[in-house]
Participant: 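Pasting in a structure now, in structure tokens, and then I'll have a few things to ask.
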Amino acid sequence: MDWQGQKLAEQLMQLMLIAVSVIAFATGYLMASFQMMILIYAGGVVLTTLVTVPNWPFFNRHPLKWLDPSELEKHPKPQPSLNINSKKKSLKK
């Protein structure tokens, strides 16, 4: 799953859960049944999981291009600079 696919999966999950929550609450309220509300919500959570968790092809529309190992040698990893004189000065007034 690429970065855009992860974003799409997250947005889809949030949208589906909100929609299922509203539908479950409205149905439970109209039928005066807490059990029906919970069952509808649980079914929506399962459906949302089946839609967003597997690595479906529409989540892989923008594949990442990895660097070849031969190209990696041409571009060395930057080394962190060590600043020895980076002591904090105390503020004295």
Participant: Take atom CZ of Phe34 as the centre, draw a 6.0 Å sphere, and report whether it contains more than 12 heavy atoms from other residues, nucleotides or ligands.
Facilitator: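 Check fails, neighbour count at 12 or below.
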Participant: Roughly how far, to the nearest 0.5 Å, is the CE atom of Met16 from the CD atom of Gln11?
Facilitator: 14.0 Å
Participant: Going by side-chain heavy atoms closer than 4.5 Å, which hydrophobic residues are tied to Val46, directly or by a chain of links?
Facilitator: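 Grouped by the 4.5 Å side-chain rule, Leu50 form the rest of the cluster around Val46.
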Participant: Can you name the residues that form a side chain to side chain contact (heavy atoms under 4.5 Å, CB included) with Gln6, not counting sequence neighbours?
Facilitator: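 Testing Gln6 for side chain to side chain contact (heavy atoms under 4.5 Å, CB included), a comparison that skips the adjacent residues, returns Met1, Trp3.
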Participant: Using the side chain to side chain donor-acceptor pair (under 3.5 Å) rule, collect all pairs that involve residues 40-59, keeping only residues at least two apart or in two chains.
Facilitator: Asn55-Asn60
Participant: Could you grab the distance from atom CD1 of Ile40 to atom CG of Leu47, nearest 0.5 Å is fine?
Facilitator: 13.0 Å
Participant: What pairs of residues pass the side chain to side chain donor-acceptor pair (under 3.5 Å) test when at least one of them lies in residues 12-28, not counting sequence neighbours?
Facilitator: Glu10-Gln14
Participant: Just do the side chain to side chain contact (heavy atoms under 4.5 Å, CB included) check on Leu39 and Gln35 with the steps written out, would you?
Facilitator: CA-CA 6 Å; Leu39 288 174; Gln35 181 181 8; 4.1 Å; yes
Participant: Would you say CE of Met36 has more than 12 non-hydrogen atoms from neighbouring residues, nucleotides or ligands within 6.0 angstrom?
Facilitator: no
Participant: Under 4.5 Å between side-chain heavy atoms, hopping through other hydrophobics if needed: is there a path connecting Val20 to Met13?
Facilitator: yes
Participant: Rounded to the nearest 0.5 Å, what separates atom CE in Met37 from atom CG in Leu30?
Facilitator: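 The CE atom of Met37 sits 12.5 Å away from the CG atom of Leu30.
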Participant: What closest approach, in Å, do Arg61 and Asp2 show between heavy atoms, and which atom pair accounts for it?
Facilitator: N-OD2, 3.3 Å
